[in-house]
Protein chains: 2
Amino acid sequence: MPVELRDTYLFTTLTDPQLEQVRTLSRKINLGEDEVLFECGTPASRFFLMLSGQIKLSRLSMDGNEKVIGIVHPGNTFAEALMFQEQPSYPVTATAIKDSELLGFDNQQFSQMLRGSVDSCFRMMGDMSQRLRSLIKEIDDLTLQNATNRVAGLLYQYQLMREAETFTLDAPKGVLASRLSVKPETFSRILHHLSDKEIIRVKGNKITVLNSDELRELSHEDPFTGTKKINIPGGVCPLTGNKRCL
Amino acid sequence: MPVELRDTYLFTTLTDPQLEQVRTLSRKINLGEDEVLFECGTPASRFFLMLSGQIKLSRLSMDGNEKVIGIVHPGNTFAEALMFQEQPSYPVTATAIKDSELLGFDNQQFSQMLRGSVDSCFRMMGDMSQRLRSLIKEIDDLTLQNATNRVAGLLYQYQLMREAETFTLDAPKGVLASRLSVKPETFSRILHHLSDKEIIRVKGNKITVLNSDELRELSHEDPFTGTKKINIPGGVCPLTGNKRCL
DNA sequence: TCCTATTTTTAACTACACTCAAATAAACCA
DNA sequence: TGGTTTATTTGAGTGTAGTTAAAAATAGGA
């Protein structure tokens, strides 16, 4: 199904004329695999809505190591938060990892339109708030969880999203590894290890979850809220009866 | 100097009557050292402005490890982004590490006021955008920089902010260590090591920078923009002539 | 289909930062 | 002031994930 402008989180509160205005501001962009949309450090004048394909957002360290900060899927917008900075520059490089179609929106013009719609401002703020939350979770993962926890967490998320025991990893393992801040070799070893313990079965990029409970346990995620379990002294989550959750 | 409401980033665009309204919504809060303002996972109904003291924002892993996500200083607001979530709950625990005074603002009421001021919405979005950027930098630090780089980065930031070769670490070393996701022992060892190389001199919590260039080099920060240097294939930062920077 | 290029896996080894333990230093309070 | 607690430092040993290298599997093109 094609992505509809009005179904996009950021645009749902717009009136028809506003939506039409937004449509006229947008420019269609096509990217081939491995093509770069923008590079880290360059001035940011547009933000984007994915229509199809897949894009990775990444940073490169001085010694040449790449860290994938995020993977963008159809229906998602990205780089919109930069609109509100003085002299915005992209903090990541965006590279298509599949042939992709997207819409680009001019920051200035969109910002102008936002001024006419407090509702859209609130949408935007909800969106940014969500992103902040997920980045905090990410920092939590990086600092308080080990590599196995993170891999388990990824697989558990896949299982929840696909609502199936068997699913396909939709990005190359190397990219997923970098997303988790783990080397490809380590990622491979961990998958193997989880196989040995009969928690999952791996066949190429197809994964079957054999023991979902154990996987969730390893991922330190809360079953009900789908969020990270964290230890609060004496605290119990009012929703789940589990230890209090984020 | 006491913190003035109208000098606070979030409130500077408010009109006098709006500011007065905000003032009436605020409630003064006093915290003693080690007192907890809110706990991770509890429902969030207010956000805060620091007037004096110091507060740490932290998370606890299942096995009891603490990670300090941030340290809040007078003049800063925190937890305001939660206002825009459906059923907001604090993603961190806030604990005073010095006796502190703050103002609490009711989310509902403040949100209502925001609807009357697009300018303030834009302030808020600028604020959140900034926070997003700093969290991305944080993830960069955690994944692409080693412990020494991070400690050097912290010291370099102190030096820039204080505009002095000699400065005082304003939080216990253990807290700073956790802020950097490093164990206190490792933090201590790295300071010692930097002393040995005559890059800094350490005397209790007083640090003197002896070799600022070397410190900056170790921190991988860009001298001009004050932001992280990252490697972009073939790219040079137009501002600094350095490798392109974030 | 073969051949090449890329990705993934396996294996042996290494190192950075952690753990554990104890000594020292600093802060706190009676 | 002395005595207790807490924070910091130092030392020795360990483990997790990274590095290096090479084999195996997979994908892609002629």
Side-chain angles (χ1 to χ4, degrees), chain A residues 32-34 54 56 61-68 95 97-99 141-155 168-196 200-207 218, chain B residues 32-34 54 56 61 63-68 95 97-99 141-155 168-196 200-207 218 220:
Chain A
E33 198 173 320
D34 293 332
Q54 210 171 30
K56 74 171 179 194
S61 74
M62 297 239 294
D63 49 13
N65 267 101
E66 185 189 44
K67 158 68 182 164
V68 174
T95 314
I97 53 179
K98 292 197 173 82
D99 289 353
D141 283 349
L142 289 173
T143 54
L144 300 173
Q145 318 290 143
N146 65 25
T148 302
N149 298 151
R150 297 207 293 278
V151 171
L154 182 80
L155 298 179
T168 303
L169 300 176
D170 57 358
K173 287 180 179 172
V175 173
L176 294 177
S178 171
R179 178 79 246 282
L180 297 174
S181 296
V182 157
K183 294 286 148 189
E185 295 91 328
T186 305
F187 187 71
S188 172
R189 271 189 274 264
I190 290 172
L191 286 185
H192 197 117
H193 185 227
L194 293 176
S195 284
D196 284 348
I200 59 172
R201 185 186 310 288
V202 184
K203 189 129 195 177
N205 61 0
K206 295 225 183 321
I207 307 280
L218 272 174
Chain B
E33 198 173 321
D34 293 332
Q54 210 170 31
K56 72 170 179 195
S61 74
D63 50 13
N65 266 101
E66 185 190 44
K67 158 68 182 163
V68 175
T95 314
I97 53 178
K98 292 198 173 79
D99 290 353
D141 282 350
L142 290 171
T143 55
L144 299 174
Q145 318 289 144
N146 65 25
T148 301
N149 298 151
R150 297 206 292 277
V151 171
L154 182 81
L155 298 178
T168 303
L169 300 176
D170 56 357
K173 286 179 180 173
V175 173
L176 294 178
S178 170
R179 179 76 247 281
L180 296 174
S181 296
V182 158
K183 295 286 148 189
E185 296 93 326
T186 304
F187 187 71
S188 172
R189 269 188 269 265
I190 289 172
L191 286 185
H192 196 117
H193 185 227
L194 293 176
S195 284
D196 284 349
I200 59 172
R201 185 186 311 288
V202 184
K203 190 130 195 176
N205 61 0
K206 295 224 182 321
I207 307 280
L218 273 173
H220 292 171

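Numbered from 1 within each chain, the chains take letters A, B, ... in sequence-line order. Predicted model, so just to flag it, every value in this text is computed and none were measured.
When each of A:N205 and A:E185 is assigned the nucleotide of DNA chain D with its nearest heavy atom, A:E185 is the one assigned upstream, toward the 5' end. Along DNA chain C, the nucleotide nearest to B:N65 and the one nearest to B:E33 differ in position, and the one closer to the 5' end is contacted by B:N65.
When all heavy atoms are compared, the tightest approach of B:E66 to B:K56 is OE2-NZ, 3.1 Å. Looking at every heavy atom in both residues, B:L142 comes nearest to B:R150 through O-NH1, 4.1 Å. Across all their heavy atoms, A:K206 and A:T168 have their closest contact at NZ-OG1, 3.3 Å.
The distance between atom CD1 of A:I190 and atom C1' of C:dT10, rounded to the nearest whole Å, is 15 Å. Following rounding to the nearest Å, B:R189 (CZ) and C:dC18 (C1') show an atom-to-atom distance of 9 Å. If you take CG of B:D34 and C1' of C:dC28, they are 13 Å apart, rounded to a whole angstrom. Rounding to whole angstrom units, CZ of residue B:R150 and C1' of C:dC16 are separated by 11 Å. For the pair B:K206 NZ and C:dA26 P, the computed distance is 12 Å after rounding to whole Å. Rounded to a whole Å, the NZ atom of A:K183 is 16 Å from the P atom of C:dA15. The distance from atom NE2 of A:H193 to atom P of C:dT9 is 16 Å, rounded to the nearest whole Å.
Looking at heavy-atom distances under 4.0 Å, B:S181 makes contact with sugar-phosphate atoms alone, never a base.
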Which is it for A:D170 and A:Q54 under the side chain to side chain contact (heavy atoms under 4.5 Å, CB included) test, yes or no, and what are the steps along the way? CA-CA 9 Å; A:D170 57 358; A:Q54 210 171 30; 3.5 Å; yes
Check the pair A:Q145, A:L180 against side chain to side chain contact (heavy atoms under 4.5 Å, CB included), reporting the backbone distance first and the verdict last. CA-CA 11 Å; A:Q145 318 290 143; A:L180 297 174; over 6 Å; no
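Using a 4.0 Å cutoff to heavy atoms of chain B, the contacted part of DNA chain D runs 5' to 3' from D:dT8 to D:dA12.
Here the side chains of A:L155 and A:L194 are in contact, with some heavy-atom distance below 4.5 Å. Looking at heavy atoms from C-beta onward, B:H192 lies out of side-chain contact with B:V202 at the 4.5 angstrom threshold. B:V175 places a side-chain heavy atom less than 4.5 Å from the side chain of B:P172.
Rounded to 10°, the angle separating the first-five-pair axis and the last-five-pair axis of the helix from C:dT1-D:dA30 to C:dA27-D:dT4 equals 50°.
For the residue pair B:K67/B:S61, the side-chain donor-acceptor check at 3.5 Å is not satisfied.
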